[in-house]
4 protein chains.
Amino acid sequence: MKNQNLTRAKRTRDPDSKRTAIYEAAARLFTDHGYENVSIAKIAREAGIAVGTVYRFHDTKLTLLRAMLEGVEDAFVTRMASDWACDGTYAERIERMCYGLFEVAEDNLDLLKLLNMTTDIVFTDGSLPGDRIQNQIRIMYTEAMNVGASHQGDPHMMAAIAHGMVEGAMVRWMRLGAPKDIDAAAQLALVFKDGFMTNAA
Amino acid sequence: MKNQNLTRAKRTRDPDSKRTAIYEAAARLFTDHGYENVSIAKIAREAGIAVGTVYRFHDTKLTLLRAMLEGVEDAFVTRMASDWACDGTYAERIERMCYGLFEVAEDNLDLLKLLNMTTDIVFTDGSLPGDRIQNQIRIMYTEAMNVGASHQGDPHMMAAIAHGMVEGAMVRWMRLGAPKDIDAAAQLALVFKDGFMTNAA
Amino acid sequence: MKNQNLTRAKRTRDPDSKRTAIYEAAARLFTDHGYENVSIAKIAREAGIAVGTVYRFHDTKLTLLRAMLEGVEDAFVTRMASDWACDGTYAERIERMCYGLFEVAEDNLDLLKLLNMTTDIVFTDGSLPGDRIQNQIRIMYTEAMNVGASHQGDPHMMAAIAHGMVEGAMVRWMRLGAPKDIDAAAQLALVFKDGFMTNAA
Amino acid sequence: MKNQNLTRAKRTRDPDSKRTAIYEAAARLFTDHGYENVSIAKIAREAGIAVGTVYRFHDTKLTLLRAMLEGVEDAFVTRMASDWACDGTYAERIERMCYGLFEVAEDNLDLLKLLNMTTDIVFTDGSLPGDRIQNQIRIMYTEAMNVGASHQGDPHMMAAIAHGMVEGAMVRWMRLGAPKDIDAAAQLALVFKDGFMTNAA
DNA sequence: AATGAATGAGTTTTCATTCAT
DNA sequence: GATGAATGAAAACTCATTCAT
């Protein structure tokens with residue numbers, strides 16, 4: 001997708017194209033059949049490469065999964081941070097963030113489903129899938145709380161609850177087929193604002 | 001010629017003791033290592049019985065898991081329904097229900113963790129783990145909405161969001177070691193009331 | 001079927017009735033699913049008795065099979081001998097024997113099929129299923145040969161060929177559903193007479 | 001975490017050497033102990049390869065058996081057809097065919113025994129081991145009958161009987177150690193001709 | 001760098017047999 | 001004598017990972 005060297009033979013593919021092919025194949029397969037039910041051989045076949053080549057990019061099947069999950073998490077965290085950093089009232093920023101989350105979700109449907117399916121994978125730093133998203137939520141909550149825009153509460157627990165809301169909304173939205181016309185973001189934003197914001201905010 | 005078993009068959013003590021031993025061993029192991037990473041052999045060893053005996057009680061490894069999950073779900077649903085049926089304002093009933101949930105959680109710690117880890121198992125009726133709890137939440141939400149105690153919203157999506165909140169709070173609470181002294185229920189109730197109740201309620 | 005003590009409670013069953021029940025259940029099941037695919041538990045259930053009871057009558061699953069096979073073989077051998085002992089020309093006796101074989105077959109359909117399916121079981125005396133039938137054929141052939149009614153030939157080989165003819169005809173007949181109206185016996189007798197008898201006979 | 005293989009992968013010598021090794025090991029073991037009493041592990045050990053390698057060539061234990069049986073059947077059918085297609089009287093052609101059968105048998109001793117032991121395996125097309133051979137016999141019989149060289153009879157039943165004769169002779173011959181000096185073919189041909197040919201032929 | 005054949009430990013599940021009741 | 005719960009060895013099959021080509 002990036003630099004396709006049209007003057008070269010097909011054999012010399014962009015190394016990134018293979019990495020991408022692995023990701024895409026794995027995302028689809030993991031999502032459809034579950035991590036444990038997908039073999040590296042199947043991923044390789046689906047990606048159009050050899051088994052050994054998968055191992056050039058990922059030391060382990062688990063490593064591959066983790067890389068994928070970290071990828072989606074990054075996308076969400078990045079978007080949340082940037083949406084939150086915009087101008088506006090807290091209510092506006094929350095709303096914007098909710099819409100942002102679903103936009104990222106739309107771009108990463110397979111991986112999102114995978115992220116929600118995968119709760120028993122531990123990363124090397126001891127964290128779990130979703131933790132980085134939850135951390136980001138906690139940062140935002142703490143900031144809001146400190147300026148009196150949020151009710152007082154334990155930031156960790158509050159972030160956990162908020163994160164659960166997001167997950168719940170997204171899982172529901174995905175089970176409906178992730179339709180564009182249903183405004184899951186709006187409903188999420190509503191509960192979010194009422195549940196966490198003070199009247200002052 | 002094939003199997004000459006040097007069996008030392010054990011006595012049949014309590015008829016239910018084995019069933020219980022299986023449940024407890026499986027709950028601990030599934031929870032600690034994940035469903036896919038626990039073999040029936042491991043469960044049997046942990047339960048102090050033979051592999052074949054596990055199969056006397058559960059046709060399949062998956063069957064065993066389902067039975068366990070349905071058990072916890074039932075406990076939650078039953079308790080929610082009974083707490084909700086009590087007298088009091090909606091706010092009071094919500095609060096009572098939140099405390100009730102954590103009481104049930106305390107009694108089913110291993111299984112609760114299992115329930116939250118297990119999101120990609122499909123039951124024979126097509127439902128997923130947690131669905132029955134979410135259904136119960138939807139029932140309550142709809143009732144409240146119909147009398148004007150809740151904001152208007154799609155009951156399915158609202159129930160999904162509420163369910164996510166509960167899960168988020170419980171997972172957090174469990175990661176803290178499920179301490180009795182931290183009032184996760186209170187914080188959950190707070191967000192619950194603010195997030196869903198109208199001022200009128 | 002023999003002595004049903006009508007004055008006693010049902011519990012005191014004729015010990016032979018159990019033996020019979022086992023035979024019948026095993027015959028049907030072995031025939032339908034193959035020896036290896038039928039468990040003693042299934043036989044016991046089908047026979048309406050306990051697993052342990054099967055073992056009161058037969059030391060081993062293999063022992064049970066052997067007893068059954070010997071049973072059918074005996075039936076065939078006995079009938080062949082008696083039919084052969086009757087008066088008449090050799091041709092008549094052959095014909096009578098062929099009809100006799102199919103009469104026995106009709107009475108032992110399940111076991112017959114089992115006998116034909118089972119070629120790799122070795123009896124304790126080193127013989128194989130069918131051997132006793134083949135022996136009987138050899139006796140008859142030798143007798144006929146000695147009086148000049150049969151072509152000269154190695155009795156063992158001739159008996160093996162004749163036995164194969166019988167088996168072939170019966171297997172075919174069974175695959176047609178063992179119909180009464182198709183005269184397999186007649187066709188068998190025809191080839192038998194032409195193939196083995198001299199013109200003199 | 002799961003499989004750390006201390007693998008010493010071997011070189012890929014002859015591409016077909018493994019396939020052949022599997023066939024030979026399986027033929028010997030199936031023949032000696034019966035299909036059901038031979039595990040894939042045993043075959044692999046005997047063939048000097050790993051279990052998984054067996055599965056690279058055959059999807060299933062049953063598939064392996066079928067491939068082997070079809071191999072022998074083909075050999076027999078092909079030879080019968082070619083022998084039958086030669087010039088000569090029917091008697092000569094029958095005789096030639098009988099000798100041909102035993103030549104093929106000599107080249108496929110293990111598999112032949114397997115073919116005769118295996119009567120309860122059903123192929124995907126519903127046919128049974130031996131059916132193709134019997135079909136070929138029926139074709140020949142029908143042809144002979146149509147020109148008046150054979151007695152009249154139901155071709156299916158006649159083919160079954162003839163097929164049984166062949167099997168009987170071969171089994172006997174194998175139990176004698178498949179000796180070259182005993183003329184099983186001649187005896188078979190004799191009964192064959194007398195049993196099926198008309199005087200006119 | 002890429003390939004994919006080979007490996008073998010590990011999984012789920014079955015079942016002949018035993019023996020305490 | 002009858003029962004059937006309990007046993008655990010064994011089987012078919014899978015698949016992450018390696019490494020010679």
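Here is the naming used below: chain letters follow the sequence lines, and residue numbers restart at 1 for every chain.
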Value in whole Å for how far the P atom of F:dA16 lies from CD1 of A:Ile43: 8 Å
message: Strictly below 4.0 Å: does C:Lys42 bring a side-chain N or O up to OP1 or OP2 of E:dC15?
response: no
task: In whole angstrom, give the distance that lies between atom CZ of D:Arg45 and atom P of F:dA11.
output: 9 Å
task: Figure out the CZ/P separation between C:Arg56 and F:dG1, and round it to whole Å.
output: 5 Å
query: In terms of the nearest nucleotide of DNA chain F, which residue is placed more toward the 5' end: D:Val51 or A:Ile40?
result: D:Val51
field: Protein-nucleotide distance (A:Tyr55, atom OH; F:dC15, atom C1'), rounded to Å
entry: 8 Å
- prompt: Think D:Lys61 forms a cation-pi with D:Tyr55, using NZ or CZ under 6.0 Å from the six-ring centre and within 45 degrees of its axis?
  reply: no
field: Nearest non-hydrogen partners of C:Asn108 and C:Val72, listed with the distance
entry: CB-CG1, 3.9 Å
- request: Send over the distance from B:Leu65 CG to E:dT12 C1', rounded to a whole Å.
  value: 15 Å
- prompt: With a 4.0 Å cut-off on heavy atoms, is A:Val54 in touch with a base, just the backbone sugar-phosphate, or nothing at all?
  reply: nothing
Heavy-atom pair with the smallest gap, counting every atom of D:Gly130 and D:Glu73: N-OE2, 2.9 Å
message: Taking 4.0 Å as the cut-off, does a side-chain nitrogen or oxygen of D:Ser39 come that near to OP1 or OP2 on F:dA10?
response: no
message: Could you tell me how far apart D:Ile22 (CD1) and E:dT7 (C1') are, to the nearest whole angstrom?
response: 13 Å
Position toward the 5' end of DNA chain E (nearest nucleotide), D:Thr53 or C:Tyr35: D:Thr53
- request: Please report the closest heavy-atom contact between C:Ala21 and C:Ala47, naming both atoms and the distance.
  value: O-CB, 3.7 Å
message: From CG of B:Leu64 over to P of E:dT12, roughly how many Å is that when rounded to an integer?
response: 11 Å
task: Take A:Asp59 and D:Thr60, find for each the nucleotide of DNA chain F with the closest heavy atom, and name the residue whose nucleotide sits nearer the 5' end.
output: D:Thr60
field: Nearest-Å distance for atom pair CZ/P, residues A:Arg19 and E:dA1
entry: 12 Å
query: Taking the six-membered ring of B:Tyr23 as reference, does the NZ or CZ atom of B:Lys18 fall below 6.0 Å from its centre and within a 45° cone about the axis?
result: no
- line: For A:Leu69 and A:Pro129 the tightest heavy-atom approach is CD1-CG, 4.0 Å
- prompt: Counting only side-chain N and O atoms of A:Lys18, is one of them less than 4.0 Å from OP1 or OP2 of E:dA1?
  reply: no
query: Does the side chain of B:Lys61 get closer than 4.0 angstrom to OP1 or OP2 of E:dT11 through an N or O atom?
result: no
- prompt: How close do C:Ile22 and C:Phe57 get, heavy atom to heavy atom, and via which atoms?
  reply: CD1-CD1, 3.7 Å
statement: Output field dot_bracket for DNA chain E (Watson-Crick or G-U, both distances under 3.5 Å, | for other-strand pairs) contains .||||||||||||||||||||
